[in-house]
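Data first, discussion second: the structure below is written as structure tokens.
One-based numbering along the sequence shown.
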Amino acid sequence: MDSEFTYDELAKLAQRFLAERPVVVLGTGATIPHGLPSMSALADGLLSAITDNPEGWDVFAERLQATKDLEQALHDVPLPQDTVEHLVRATWEIVSSEDICLYKQLLRGEAAFPLSDLFAYLLRTADSHLRVITTNYDRVAEYAANAVGAYASTGVTAGWLQRFVPASVDRERAPSPGFEGLVTILKVHGSLDWFRDPTDDVIAVPLAPAVPDQMKPLVVTPGVSKYREVHKDPFRTVMSAADTALRKATCYVCIGYGFNDEHVQPVLVNRVMKHDIPLVIVTKKLTTQTRSSFLNQPPKHFLFMEEAPTGTMVYTPNNPGGAILDGVWVWKLQNFMSMLTGGRGS
């Protein structure tokens, strides 16, 4: 890193970007620290959970075992629709179990929650209406919003028998009385709370302990099967709202997002590369797709942070090849937030 580029200057650059009313994009890496499964852990969970050998499972399971990548396996070995539905239900059960564990930890005050610190910071310094786009099914973004007193809006009505209301997905409105801001959460791959009932209506059941009888979970598995669902609500409306939010954004903050998603990535990459929208990435490891999208021909305004053996590898327009900032681990969200608020990210 340039000798003149210091920790304090890194903090100032991050603060300047995050003052630009950013849209937050969450990937799997944002929730793994909270116990939610990685792609490889999800693969192992599915291989253990599905033991009744539905049609096509043997060949698919061999491929999933080899790749530990659900999306790749689904591309390589198409499954019959009934087996896909079996897979979706098992996915829901695996992710839901870990999500509930996190929820209980939060209730007991046992879990550090840096994502809520990020939301609080942005609601205070940037805008009282924060937009979050997530490819995750879990409720971590909702928990983070509520933890800082904000209203979490996902496009469903309040209460215990909730309905999906397309017009409310990303409505611009003042925060409701009693809430410290509004966080609109656009869940482009679905939610643990969303189900389709036998009449094809979309309902939401908060914190359901199991998939309700005669209902199908609305989580879209990575891979080819997802394209059969995206033309129907809630996915159609949510993806349209996410597209609009990305096109209007004046900055992007990506936490643990790998740029492997065909719904979010194209607009975001285009806006960063052709319209000079600032991009901040905080992640354990930059993916191959991230590197090829941005570091071969670096954009004008960016700040990427990933793990290095002795601290953090930082990429900026002046250091597009990256350089190590020793002794600080600001690639971890908790330490990144400490840096933003004047602490030491170590």
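- Judged purely by atom type and a 3.5 angstrom limit, Asp193 has no side-chain atom pairing as donor or acceptor with the backbone of Ala204.
- In the hydrophobic clustering of this structure, Tyr143 does not group with Ile32; members are Ile, Leu, Val, Met, Phe, Trp, Tyr whose side-chain heavy atoms approach within less than 4.5 Å, directly or through other members.
- Using a 4.5 Å heavy-atom threshold, the side chains of Pro278 and Tyr252 count as separate.
- Contact check for Val238 versus Phe164: side-chain heavy atoms found under the 4.5 Å cut-off.
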Residue pair Val156, Trp194: steps toward the side-chain contact (heavy atoms from CB on, under 4.5 Å) verdict: CA-CA 9 Å; Val156 298; Trp194 297 352; 3.8 Å; yes
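- Atom CD in Gln65 sits 11.5 Å away from atom CG in Leu46 (nearest 0.5 Å).
- What you find for Asp233 and Arg196 is that their closest heavy atoms are O-NH2, 2.9 Å.
- Residues Leu207 and Met215 are members of one and the same hydrophobic cluster, defined by side-chain heavy-atom contacts under 4.5 angstrom among Ile, Leu, Val, Met, Phe, Trp and Tyr.
- Counting only residues at least two apart or on different chains, the salt bridge (Lys or Arg N to Asp or Glu O under 4.0 Å) pairs with a member in residues 94-107 are Asp99-Arg139.
- With hydrogens and angles left out, the side-chain atoms of Ser240 and Thr237 include no donor and acceptor closer than 3.5 Å.
- In this structure, the side chains of Ile277 and His301 stay at 4.5 Å or more apart for every pair of heavy atoms.
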Do any side-chain atoms of residues 57-64 form donor-acceptor pairs under 3.5 angstrom with protein atoms, and if so which ones, sequence neighbours left out?
unit_1 : atom_1 : unit_2 : atom_2 : d
Arg63  : NE     : Asp76  : OD2    : 2.7
Arg63  : NH2    : Asp76  : OD2    : 2.9

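- Contact check for Arg247 versus Val267: side-chain heavy atoms found under the 4.5 Å cut-off.
- Side-chain contact between Pro217 and Phe195: present, with at least one pair of heavy atoms (C-beta onward) separated by less than 4.5 Å.
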Stepwise side-chain contact (heavy atoms from CB on, under 4.5 Å) test for Ile255 and Ile281: CA-CA 6 Å; Ile255 311 297; Ile281 298 177; over 6 Å; no
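- With rounding to the nearest 0.5 angstrom, the SG atom of Cys251 is 7.5 Å from the CG atom of Leu279.
- Judged by distance alone, the side chains of Asp261 and Thr135 never bring a donor and an acceptor atom under 3.5 Å apart.
- In this structure a side-chain-to-backbone donor-acceptor pair under 3.5 Å is missing from Thr134 to Lys187.
- No donor-acceptor pair under 3.5 Å is formed between the side chain of Ser97 and the backbone N or O of Ile94.
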Stepwise ring-ring contact (aromatic ring centres under 6.0 Å, His included) test for Phe302 and Phe304: CA-CA 7 Å; Phe302 71 97; Phe304 301 168; 4.8 Å; yes
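- Side-chain contact between Ser293 and Gln265 is present, with at least one heavy-atom pair separated by less than 4.5 Å.
- Residues Thr154 and Ser191 fail the side-chain proximity criterion, which asks for heavy atoms closer than 4.5 Å.
- With sequence neighbours left out, the ring-ring contact (aromatic ring centres under 6.0 Å, His included) criterion links His34 to Phe113.
- Residue Gln297 qualifies as open at atom CD: its count of foreign heavy atoms under 6.0 Å is 12 or below.
- Between Leu70 and Leu74, some side-chain heavy-atom pair lies under the 4.5 Å cut-off.
- Scanning for salt bridge (Lys or Arg N to Asp or Glu O under 4.0 Å) contacts around Lys285 gives an empty result, with sequence neighbours left out.
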side-chain contact (heavy atoms from CB on, under 4.5 Å) between Val24 and Ile133, worked out: CA-CA 6 Å; Val24 176; Ile133 298 171; over 6 Å; no
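- Linking ILVMFWY residues whenever their side-chain heavy atoms come closer than 4.5 Å, directly or via other members, leaves Trp160 and Val202 in distinct clusters.
- Taking CG of Asp276 as the start and NZ of Lys300 as the end, the distance is 4.5 Å to the nearest 0.5 Å.
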Stepwise side-chain contact (heavy atoms from CB on, under 4.5 Å) check, Leu87 with Ile50: CA-CA 8 Å; Leu87 179 72; Ile50 299 178; 4.2 Å; yes
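- With hydrogens and angles disregarded, no donor-acceptor distance shorter than 3.5 Å links the side chain of Ser128 to the backbone of Leu123.
- A distance-only check finds a donor-acceptor pair linking the side chain of Gln15 to the backbone of Leu340 [under 3.5 Å].
- By the 4.0 Å N-to-carboxylate-O rule, Lys68 lies close enough to Asp44 to be salt-bridged with it.
- Contacts of Arg291 classified as side-chain contact (heavy atoms from CB on, under 4.5 Å), with partners at least two apart in sequence or in another chain: Leu286, Leu295, Glu306, Tyr315.
- Heavy atoms from other residues, nucleotides or ligands lying under 6.0 Å from CD of Gln289 number more than 12.
- Of the possible polar contacts, none joining the Thr312 side chain to the Met305 backbone as a donor-acceptor pair under 3.5 Å is found.
- Between Asp200 and Lys232 there is a salt bridge, with a side-chain nitrogen of the basic residue lying less than 4.0 Å from a carboxylate oxygen of the acidic one.
- Put simply, the side chain of Glu9 gets close to the backbone of Thr6: a donor and an acceptor are under 3.5 Å apart.
- A donor-acceptor contact closer than 3.5 angstrom links the side chains of Asp197 and Thr199.
- Put simply, the side chain of Trp92 gets close to the backbone of Leu192: a donor and an acceptor are under 3.5 Å apart.
- The backbone N or O of Val183 sits nowhere less than 3.5 Å from a side-chain atom of Arg131 that would complete a donor-acceptor pair.
- Remark: Lys12 pairs with no residue by the salt bridge (Lys or Arg N to Asp or Glu O under 4.0 Å) rule, at least two apart or across chains.
- For the pair Asp138 (side chain) and Val140 (backbone), a donor-acceptor distance under 3.5 Å is present.
- The line from OG1 of Thr287 to CZ of Phe259 is 7.5 Å long, rounded to the nearest 0.5 Å.
- Remark: Leu303 CG to Arg16 CZ distance equals 10.0 Å, nearest 0.5 Å.
- Note that OG1 of Thr31 and OH of Tyr137 are 11.0 Å apart. Values are rounded to the nearest 0.5 Å.
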